[in-house]
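First up is the structure itself, then whatever we jot down about it.
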2 protein chains.
Amino acid sequence: MDTAERLIRSAQQLLWERGYVGTSPKAIQQLAEAGQGSMYHHFTGKQDLAFQAIRRNAEQLCSEADERLSTPGTFYERIAAYLLRERDVLRGCRVGRLAADPDVLASPVLRGLLDETFIWLNGRIEELLVEGRECGEFSEALVPSDVACAITAVVQGGYVLAMSAASPEPFERAARGALNLLTAYTT
Amino acid sequence: MDTAERLIRSAQQLLWERGYVGTSPKAIQQLAEAGQGSMYHHFTGKQDLAFQAIRRNAEQLCSEADERLSTPGTFYERIAAYLLRERDVLRGCRVGRLAADPDVLASPVLRGLLDETFIWLNGRIEELLVEGRECGEFSEALVPSDVACAITAVVQGGYVLAMSAASPEPFERAARGALNLLTAYTT
DNA sequence: GTCTATATAGTGATAGAC
DNA sequence: GTCTATCACTATATAGAC
């Protein structure tokens, strides 16, 4: 694996674990076993490297989510598969965590990566709800665009609660709670 | 207002806006118009001051939430009043934001403040759901402990989505989505 | 209680040799 | 492409005068 690749992967890991402000170029270099000079040869600076690392993390998140959401079964089951999938909850969300980072919020280009990710995720869930409603699995009273957003939010908020508690339990309860509510709209 | 109080309030504001890692003692001093010496006279260091500021922010959050949750009306209406209350969504949650901060997570005493806050908030919402179920407003199929957690998570996740989008809209949709789901369980 | 001076370490980047 | 040197700046404190 070449140096640029090692730098990106190290940045991916550290951004996930510590956010942008909490991650220094030096820490990335050490984890990647690369020198100062290497990093600034391959990337223009911290933000450039972070951009590529965050994009990579976002792609992986979308890919993993899509896997569960595309599972066979009813639409309810597919959403349940997504919400209840095994996760290392206490690592937090590799994308959502950055939404609390002042430097990310101040940078339209970095924040844009988060925005895109959630737009995609939300849209994907909304599709399932729309289809589920059309085929009669969900009640007509269900509002797909709002409920999709609520489901996405439950996951992100579940991480926040779990990190605060230093326990995966609040995440799991929130996920079960969302499904419990969704059940009421299944016919 | 005395110096210690000004320092605490300045810290409250900066911690809310920028998190713990993103807030330096110097920035707090400048906002409070206090000198280096003053701060270290009244507090043992950054963490001590932050602890008191976060506790204050947490108390205010609980107090404001309780106000809406204690409103007159049906239990559904009280939860709706909480979810739909006017907020400056793009400021984020003054407590939840810190759940992404590596230094806060590494400090049991700081993290404990977040944990306590969400335990209280969750418990308060669960009470309403339990009472609402007992009086027949909600279906017996509703699981209060899980749904309470989901509601708390929707709010926290709503902030994450809104900050990412630099728009309050995702928060509002998530809140409406949660209520849309809850409606299905009202009799 | 508040001030200024000082200290150690870290941050984010640039320069130029190899 | 990588290395070391250097830089200006900030972070988080401590010391001691006033």
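Residue numbers start from 1 in every chain, and the chains themselves are labelled A, B, ... in the order their sequence lines are given, proteins ahead of strands. In this text the structure is predicted, and so the values were computed from the model without any measurement.
- Taking 4.5 Å as the limit, every side-chain heavy atom of A/Y20 sits out of range of all side-chain heavy atoms of A/P102.
- Note: B/Y82 OH to B/L179 CG = 11.5 Å, rounded to the nearest 0.5 Å.
- To the nearest angstrom, C1' of C/dT11 lies 8 Å from OH of A/Y40.
- When the side-chain nitrogen and oxygen atoms of A/S38 are compared with OP1 and OP2 of D/dG1, none of them lie within a distance under 4.0 Å.
- Taking 4.0 angstrom as the limit, A/T3 places none of its side-chain polar atoms (N or O) nearer than this to OP1 or OP2 of D/dG1.
- The interatomic distance linking B/I28 (CD1) with D/dT10 (C1') rounds to 14 Å, in whole Å.
- Atom CD of B/Q30 is separated from atom P of C/dC3 by 13 Å (rounded to the nearest Å).
- At a threshold of 4.0 angstrom between heavy atoms, the contacts of A/G37 include nucleobase atoms, whether or not backbone atoms are also involved.
- Distance CG (B/L49) to C1' (D/dA11): 15 Å, rounded to an integer number of Å.
- When the P atom of C/dT4 is taken as reference, atom CE of B/M39 falls 16 Å away, rounded to whole Å.
- Side-chain N/O atoms of B/S24 include one lying less than 4.0 angstrom from OP1 or OP2 on D/dA11.
- Each of B/Y20 and A/H41 lies near DNA chain D, and the nucleotide nearest A/H41 is the one positioned closer to the 5' end.
- Regarding B/F43, its CZ atom lies at a distance of 16 Å from the C1' atom of D/dT12, rounded to whole Å.
- Salt-bridge check for A/E127 with A/R124: passed, with a basic side-chain N closer than 4.0 Å to an acidic carboxylate O.
- No side-chain heavy atom of B/W16 sits under 4.5 Å from any side-chain heavy atom of B/Q12.
- Taking side-chain N and O atoms only, A/K26 has no distance below 4.0 Å to OP1 or OP2 of C/dT11.
- As a whole-Å value, the separation of B/L7 CG from D/dA13 P is 14 Å.
- One interatomic measurement links the two molecules: CD of B/Q36 to P of C/dT6, which rounds to 14 Å at whole-angstrom precision.
- Side-chain N/O atoms of A/H42 include one lying less than 4.0 angstrom from OP1 or OP2 on D/dT2.
- The two residues A/A65 and A/L121 make their nearest non-hydrogen contact at CB-CD1, 3.8 Å.
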